[in-house]
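Since we're looking at a predicted model, the values are computed, not measured. Naming convention: chains lettered A, B, ... in sequence-line order (proteins, then strands); numbering from 1 in each chain.
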2 protein chains.
Amino acid sequence: MTIEAGQARSAPTLEMVAAAAGVSRATVSRVVNASPKVSPCVVEAVQAAILRLGYTPNRAARSLANRRSMVIALVVPEDTTRLFGDPYFAAIVKGITDELDASDYVLNLHLARSESAQKTLAYLTGGNVDGALVVSHHSGDEFLSTLGRHLPVVFGGRPVDPEAVDSIYIDIDNVAAAYDGTRYLIDAGCTRIATVTGSGDMPAGIDRLEGFRRALAEAGMPADLVADGDFTMTGGARAARELLDRGESFDGLFVASDLMAVGAVTALRERGLRVPDDVKVMGFDDSPAALTGEVALTTVRQPSEEQGRLLARTLLQLLGGEDAARRTIMPTDIVVRQSA
Amino acid sequence: MTIEAGQARSAPTLEMVAAAAGVSRATVSRVVNASPKVSPCVVEAVQAAILRLGYTPNRAARSLANRRSMVIALVVPEDTTRLFGDPYFAAIVKGITDELDASDYVLNLHLARSESAQKTLAYLTGGNVDGALVVSHHSGDEFLSTLGRHLPVVFGGRPVDPEAVDSIYIDIDNVAAAYDGTRYLIDAGCTRIATVTGSGDMPAGIDRLEGFRRALAEAGMPADLVADGDFTMTGGARAARELLDRGESFDGLFVASDLMAVGAVTALRERGLRVPDDVKVMGFDDSPAALTGEVALTTVRQPSEEQGRLLARTLLQLLGGEDAARRTIMPTDIVVRQSA
DNA sequence: TCGGCTTGTGAGAGCGCGCTCAATCGCAAG
DNA sequence: CTTGCGATTGAGCGCGCTCTCACAAGCCGA
């Protein structure tokens, strides 16, 4: 054969396959799209031609004609450090990719922090994507809320923006989960409990603090030992040190993420405090981070991977024209290990 | 204004903007693409119309006409666990995104392991992407080598496939770097040195073992204490235990990645060995993992983030029609901390 | 005054594909 | 032998955009 480099470069088109198979473009199109009404022998001939030419459909053309791109975007308004640093994202992404692998859609990951946000938005609204999943949504990311006007969007976690009230999202009951976690510490005999919170601009951070407060209020304990750990490991350590530096001792510590809890435990031990003997520590997530530290964390488990899976499944439903529940709340429970 | 939902859903087109501005489609296109030969007053009118209608170019149409998608793919033939588990990837991705943020391209991340590989390949060769970066290339991923026939590709790390000899890649000299790391242990007085290797199906794994061997050979030491750690933390721990179980004691351990080294150090300490007093441990990468363990790792530093940046820059050059060096070797050095 | 030039603009042909609609072919019923 | 119907197939339009080319002004020197 004399199919040379030049030929290989310019990808074969439907037209060329049609010519090679001796049929019309429409018929090749039918074969490619597995239309039932093509006679078997023609199907065979066309498939042979496709194979021979190494034909791959041009998705730009297809999506132009089709008005569908078969691409789903995962938008994460975080920087690389956060994305890769927190195993929570790993779980979410795994759930999503697992679910999508079984579909015809491919996944696009967008780290949409600050500068590139505008470019990302143009990309998302430019018809490149049939739908979007948004995870780790901060206040200040309002541009994402408007996304819903252009395409189907499913949020992982309740959106902060009040404008986005009718968004579809999948979340856990952060207030109740944090309440339960704190309650566990109380029931374990802690008499003075502090907390390391997540970011104050994220619902997960705000709601977990709220749950913590409620549990303490109910038990008649003060909820004044609060420090912000910003959902990072070093932040967790810093927050724990800050709490210790206030001079008031505590025997329970509720931390709003495992990653921060690992940092906090390290900080406590630096100061000579034993976990759980001197301070009982409750994490949140049950991410792999819970097991990386020197003390295995007792933690509030949230089903992150399952959440990712459900996010994807919900979006696929929407894209398939089905309805989807506006809000889905997933269950949490407490995993008891060493730290509390 | 009576621009209602229905209107907002079907995105405004060039045509509509043209009508609104009272000019032709071609002129609007020129404005959108910042062509210099449009009179200032027309530019202004068009931009006003664009703003008023909320116009965003349809990228499918654009890429169809243009034969360029302004999208770059990052292909990582790993599963989510590996990708998120190893800080090396975080650094690479950060470098790439930083560089791309300044360009007009957007990044697509593809986890192309096994089942979804075929779908990914179709995507990549379907004209959705102008170029690709491939990182963490294993043998067995031959499909990636053929990618170069369809579009510009830059590899992070020398490709394994001999067919891909003329690929463009950016790497470090793994043999020399491992040699240096091992040499450091020898110079530090170690008399019996073991190694935990990376995957045997990746150049990085193979070459680092080779460098280790050379250093020991040169010093007249046997290089028989070798165990595979598969580039994961738990794998590193397992490999270290395996080495200890052989009954032959060693006082130096060269580990082919920091992540594995963290696992190995944990394993050594479990067995009551002190690091660095009983066993000096040398890591590789200088990733954040080097600092997460109980002992800060002395390690061979490779400039991962810079490598990511360079990968992106090189691909942009290729896409811009410029030539690029077929192979670029980045420098490494040794960062001395506690473990050796 | 005219031809040549630059500069800005519009008309129109694709880019590769899906989809509608009409045409064709058998074949059984009337 | 004609009619009708289902099963296949092909012709051609349109998706939204870029780009080439031709055209309309406005300007210069001759």
Trainee: Output all residues satisfying side chain to side chain donor-acceptor pair (under 3.5 Å) with B:Ser304, sequence neighbours left out; order by chain, then residue number.
Mentor: none
Trainee: Kindly write out the residues that satisfy side chain to side chain contact (heavy atoms under 4.5 Å, CB included) with A:Thr56, not counting sequence neighbours, or none if the list is empty.
Mentor: B:Ala122, B:Thr125
Trainee: Hey, is the main chain of A:Arg82 close enough, under 3.5 Å, to the side chain of A:Asp86 for a donor-acceptor pair?
Mentor: no
Trainee: Students often get this wrong, so: under 4.0 angstrom with heavy atoms, is B:Leu14 touching a base, only sugar-phosphate, or nothing?
Mentor: base
Trainee: Reading DNA chain D 5' to 3', which nucleotide is the first, and which the last, to come under 4.0 Å of any heavy atom in chain B?
Mentor: D:dG16 to D:dT20
Trainee: In chain order, what residues pass the side chain to side chain donor-acceptor pair (under 3.5 Å) check against B:Thr80, with sequence neighbours excluded?
Mentor: none
Trainee: Determine all donor-acceptor pairs shorter than 3.5 Å in which one atom belongs to a side chain in residues 310-320 of chain A; sequence neighbours excluded.
Mentor:
from: A:Arg313; atom 1: NE; to: A:Glu99; atom 2: OE2; distance (Å): 3.3
from: A:Thr314; atom 1: OG1; to: A:Leu310; atom 2: O; distance (Å): 2.6

Trainee: Would you list the atom pairs, donor with acceptor, under 3.5 Å between side chains in residues 11-23 of chain B and any protein atom, with sequence neighbours excluded?
Mentor:
from: B:Thr13; atom 1: OG1; to: B:Glu15; atom 2: N; distance (Å): 3.3
from: B:Thr13; atom 1: OG1; to: B:Met16; atom 2: N; distance (Å): 3.3
from: B:Glu15; atom 1: OE1; to: B:Arg25; atom 2: NH1; distance (Å): 3.4

Trainee: List the residues meeting side chain to side chain contact (heavy atoms under 4.5 Å, CB included) with A:Asp98, not counting sequence neighbours, and say none if there are none.
Mentor: A:Lys94, A:Glu305, A:Arg309
Trainee: Using the test side chain to side chain contact (heavy atoms under 4.5 Å, CB included), find all partners of B:Arg327 that sit at least two apart in sequence or belong to another chain.
Mentor: B:Tyr169, B:Ile329
Trainee: Contacts to DNA chain D from residues 18-36 of chain A, heavy-atom cutoff under 4.0 Å, which residues?
Mentor: A:Val23, A:Ser24, A:Arg25, A:Ala26, A:Thr27, A:Arg30
Trainee: B:Val38 or B:Ala65: which one's nearest nucleotide on DNA chain C is closer to the 5' end?
Mentor: B:Val38
Trainee: Which residues pass the side chain to side chain donor-acceptor pair (under 3.5 Å) test with A:Asn108, not counting sequence neighbours?
Mentor: A:Tyr123, B:Asn108
Trainee: With sequence neighbours left out, what residues match A:Thr27 under side chain to side chain donor-acceptor pair (under 3.5 Å)?
Mentor: A:Ser24
Trainee: Could you give the angle between the helix axes at the two ends of the helix from C:dT1-D:dA30 to C:dG30-D:dC1, with five pairs per end, rounded to 10 degrees?
Mentor: 60°
